[in-house]
Amino acid sequence: MSSEQNNQPRQILVTSALPYANGSIHIGHMLEHIQTDIWTRFQKLRGHQCISVCADDTHGTPIMLRAQKEGVTPEDFIAATREEHLKDFEDFLVEYDNYHSTHSEENRELSELIYNRLNDAGHIAKRTISQLFDPEKEMFLPDRFVKGECPKCGSEDQYGDNCDNCGATYSPTELKNPKSAVSGATPINKDSEHYFFKLTNFESMLKTWTRDGHVQEQIANKLDEWFEAGLQEWDISRDAPYFGFEIPGAPGKYFYVWVDAPIGYMASFKNLCDKRDDLNFDDYWNADSAAEVHHFIGKDIVYFHTLFWPAMLHGSGFRKPTKVHAHGFLTVNGTKMSKSKGTFVKARTYLNHLDPEYLRYYFMAKLTSKVDDFDLNLEDFVARINSDLVNKYINIASRVASFIGKKFDGRLADDVADHPLIKEAQGAAETIAEFYENKQYGRAIREIMSIADKANKYVDSEEPWVKIKDETTAPQVQVVSTVCLNVFKILTIYLKPAIPAMAEKVEAFLNVEPLQWSDISEVLQGRTVNKFKPMVQRIDPKKLEAMIEEGKEEAAAASAPQLADPLKEEIEFSDFDKIDLRVVKIVKAEHVEGAEKLLKLQLDLDGVTKQVFAGIKSAYAPEDLQGKLTVMVANLKPRKMRFGVSEGMVLAAGPGGKDLWILNPDEGAQPGMRVK
RNA sequence: GAUAAUGUAGCUCAAUCGGGUAGAGCAACUGACUCAUAAUCAGUGGGUUGUCGGUUCGAUUCCGACCAUAAUCACCA
């Protein structure tokens, strides 16, 4: 292709928004990550140096509390989530060059660097503000962690920022009977010094930047509203306890998660540069960099990416994004994803039932460069995949492959390079490339499918099934088939960014190296192809139903009341029956020399005495126990301990320390009785 | 409540940047064909472009009001 050979290879860095480490990836996330991946694969196919990076966004109060609740460190919690996220993306054929974490050394260094530069340049302010504070947990409460009665309509159990019932909005300090959602305590007002980023210093820069082709028109309009409303200073600090990075020179103050989240793009790239010789961080991020930086984001986080982020970069001497690509939300059958309808589909749930390339193709087929919401209509989804992919595209190969295979030994004809249909398919390359480049994926598909239509018409008009029966016309069939397979190859290149795995199967069938965009002009002739095997199956609507059904079940399970300490795996009665629980009388209790936690108990089971070492010293004095009845596991295998043999366990409840309570049978129970 | 959006055939979407007799794919129907994962090809039907009003020789496209939908904001930004 002449025109792109004139183009210099570009250096392009691409990012998707960093998924928050507090939950699973769902198909809404996939809308973004798939369109990013398609764009990235397209650029790579064209021969550019295109690097895509992502990471988990790991900081903030919700993560901290979630980890506490699950009894693990935040570090362990986010590490596990990252594994899950990465696996989901990989299985959807989303190929990041690097998938990092915002909780990384690179990110800490870059966050500090950017902050220090902003601070030195006078872009940071400090002032004291008053916020609700949980006196029990000793932490400041974000709005969402305060609940109470709506000051307007009096509805109970409303969040700190607005009322679900009457729609009123207010500040959390206005709530009646406010309660901390963390501890249940009544919050108090407390002063604290906060750090602010003076966004207003960048107003004129931003006004120019946002009208300079870096954002979509719809976004630029939205930004005008925000400019008109007036920019505000941005509160970038949070007080300890907070899971994040401490602000340099400000002990006990942490960067608000949204400060280090976008810096995570740079950190992930930095991490990659350190692993690769051919990448230089400064080439991409210096203020005068000629490389491109493209961010793909949802419309909900436009503010952060088009105001704060460019301002932070500008103020700290880095380059600004080339383009911020915002997309709308994913709806299913025209409405918001709903857990109860089963349309809130997790990435994993989808993968349990359907081929990822179905969804990749469907997204491709309907995406535009606009910020409008994207509707996944399930009926349309089935129709679109089956008709476009199977009936039109793959069908071209499927219907001529048998001629080539059976009648011509798998050998293609010679001299088809000038065939008008091949020329036409090749001629669409630049138009399609432009659609890709501008994210008009839907238009690209329309263009591609119209070529597929022409190929199918061509086969019909040539009637190879008739010609093959006549010796004089039979050789023409080899030409017709070769033309079709060449068009098929070209279509495969056009579609490859969306359906890479299918393309790989096509490459195996055509007996060619991995196809590149430049292969569009290479014509396959006078060579052999392999036996045709179908590259994709029709969608079975039953599988789609099964997926929705599983989504419903998940939702039902999730909405059931959850125990903070989840139940162990279910057991059979026979498992329970193995445990012999007995009522016992504590005849003697004494301290154990040298033991920190243990008491030595003599337990009477109606004549038989058992000796048990119990870790309840922190909660009970020996004299309080003597003469009491309690319950023990009597058939536990005796265990030799440092201080002697323990012949069972007494049952106690509680988290430990002083909070430990042994069980007491009700009045009338006698030592030795079986508990069942 | 405020703001900017969106509302086009049964379904999903198009309609050149500041107006000139509404297009495509799928579905439906009719016919052809049998090479192909019952696919494909030819053809037909189907829209007073959310409603009402205005500007204009003429509006899906401009203006106003209303209705519907989802979104953003109302110091999280």
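All heavy atoms count here, side chains included; hydrogens, waters and symmetry mates do not. In the text below, chain A, chain B and the rest are named by the order of the sequence lines, each starting its count at 1.
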field: Inter-nucleotide P distance (C17(B), U12(B)), Å rounded
entry: 25 Å

field: Per-nucleotide protein contact string for nucleotides 8-13 of chain B, where B marks a base within reach and S marks sugar-phosphate only (heavy atoms under 4.0 Å, - for neither)
entry: ---SSS

field: Pair His295(A)-Trp309(A), side-chain hydrogen bond (donor to acceptor under 3.5 Å, both in side chains): steps then yes or no
entry: CA-CA 11 Å; His295(A) 298 303; Trp309(A) 180 229; 3.0 Å; yes

task: Could you give the distance separating U6(B) and G25(B) at their C1' atoms, to the nearest angstrom?
output: 22 Å

- request: Between U3(B) and A70(B), how far apart are the C1' atoms? Round to whole Å, please.
  value: 15 Å

- prompt: Can a salt bridge be assigned to the pair Lys467(A) and Glu463(A) using a cut-off of 4.0 Å between side-chain N and carboxylate O?
  reply: no

field: Any Phe245(A) side-chain heavy atom under 4.5 Å of Val259(A) side chain
entry: no

message: What is the separation between atom CD1 on Ile301(A) and atom P on A71(B), rounded to the nearest whole Å?
response: 17 Å

- prompt: Separation of Glu447(A) atom CD from G25(B) atom P, in whole Å?
  reply: 14 Å

Can you list, pair by pair, the side-chain donor-acceptor contacts under 3.5 Å of residues 500-509 of chain A, counting residues two or more places apart and other chains?
from, atom 1, to, atom 2, distance (Å)
Lys505(A), NZ, Met535(A), O, 3.3
Glu507(A), OE2, Lys496(A), NZ, 2.9
Glu507(A), OE2, Leu515(A), N, 2.9

message: Distance check needed: C76(B) P versus Tyr20(A) OH, whole Å only.
response: 17 Å

- prompt: Under 6.0 Å between ring centres, would you say that holds for Tyr494(A) and Tyr393(A)?
  reply: no

- line: Separation of G25(B) atom C1' from Ile451(A) atom CD1, nearest Å, is 16 Å

- prompt: Going by distance alone, is a donor N or O of one side chain under 3.5 Å from an acceptor N or O of the other, for Ser237(A) and Lys126(A)?
  reply: no

task: Quick one: label Asp453(A) by what it contacts on the DNA or RNA (base, sugar-phosphate, nothing), any heavy atom closer than 4.0 Å.
output: sugar-phosphate

Separation of atom CG in Asn386(A) from atom C1' in C26(B), rounded to whole Å: 11 Å

- request: Measure the acute angle between the ring planes of Tyr254(A) and Tyr242(A), then classify it against the limits of 30° and 60° as parallel, tilted or perpendicular.
  value: tilted

message: Heavy atoms only, 4.0 Å cut-off, all strands: where does Ile394(A) land among base, sugar-phosphate and nothing?
response: base

- prompt: NA contact type, Asp235(A), heavy-atom cut-off 4.0 Å: base, sugar-phosphate, or nothing?
  reply: sugar-phosphate

message: We want to know whether Arg399(A) and Asn456(A) form a side-chain donor-acceptor pair, criterion being a heavy-atom distance below 3.5 angstrom.
response: yes

task: Using the P atom on both, measure G47(B) against A24(B) and round to a whole Å.
output: 15 Å

query: Heavy-atom distance under 4.5 Å between the side chains of Leu206(A) and Pro310(A), does that happen here?
result: yes

- prompt: With sugar-phosphate meaning primed atoms plus P, OP1 and OP2, does Phe381(A) contact a base, only sugar-phosphate, or nothing at under 4.0 Å between heavy atoms?
  reply: nothing

query: With the sugar-phosphate defined as primed atoms, P, OP1 and OP2, and the base as all remaining atoms, what B/S/- string results for nucleotides 30-35 of chain B, 5' to 3', for protein heavy atoms under 4.0 Å?
result: ---SSB

message: Surrounding CD of Glu193(A) (heavy atoms of other residues, nucleotides or ligands, distance under 6.0 Å), is the total greater than 12?
response: yes

message: Quiz question: by atom type and distance under 3.5 Å, do the side chains of Thr331(A) and Asp373(A) form a donor-acceptor pair?
response: no

statement: In RNA chain B, stems of three or more consecutive pairs, Watson-Crick or G-U, each with both distances under 3.5 Å, turn out to be B:1-3 with B:71-73, B:5-7 with B:67-69, B:10-13 with B:23-26, B:28-32 with B:40-44, B:50-54 with B:62-66

message: What I want to check is whether the side chains of Thr472(A) and Asp470(A) have a donor and an acceptor closer together than 3.5 Å.
response: yes

- request: Return the value, rounded to whole Å, for the distance between atom CG of Leu330(A) and atom P of A70(B).
  value: 15 Å

message: Counting only side-chain nitrogens and oxygens, does Arg443(A) get under 4.0 Å of the OP1 or OP2 atom of U16(B)?
response: no

field: Residues Lys454(A) and Tyr458(A): side-chain donor-acceptor under 3.5 angstrom
entry: no

- prompt: Which part of the nucleic acid, if any, lies within contact of Asn395(A), taking any heavy atom under 4.0 Å across all strands shown: a base, the sugar-phosphate backbone alone, or nothing?
  reply: base

Phe140(A) CZ - C76(B) P separation (whole Å): 15 Å

message: Holding to side-chain hydrogen bond (donor to acceptor under 3.5 Å, both in side chains), I want the full list of residues that pass it with Asn395(A), two or more places apart in sequence or in another chain.
response: none

- request: Pick the C1' atom in U44(B) and in G53(B), then give their distance to the nearest Å.
  value: 38 Å

message: Say we look at G18(B) and C63(B): how far apart would their C1' atoms be, to the nearest angstrom?
response: 14 Å

C1' atoms of C67(B) and U51(B), separation to the nearest Å: 7 Å

field: First of Lys457(A) and Val390(A) reached from the 5' end of RNA chain B, by closest nucleotide
entry: Val390(A)

query: Hey, does Val302(A) reach any base, or is it just sugar-phosphate, or nothing, if we go heavy atoms under 4.0 Å?
result: nothing

- request: Give the B/S/- string for nucleotides 2-7 of chain B, one per nucleotide from 5' to 3', where a protein heavy atom under 4.0 Å of the base yields B, of only the sugar-phosphate yields S, and otherwise -.
  value: -BS---

Partner of Trp209(A) under ring pair (Phe, Tyr, Trp, His ring centres under 6.0 Å), chosen from His305(A), His214(A), His314(A): His214(A)

query: What about the rings of His26(A) and Phe344(A), do their centers lie closer together than 6.0 Å?
result: yes

message: Taking only the C1' atom of each, what is the distance from U60(B) to U49(B) in whole angstrom?
response: 5 Å

- prompt: Please give, in whole Å, the distance from A27(B) P to Asp388(A) CG?
  reply: 10 Å

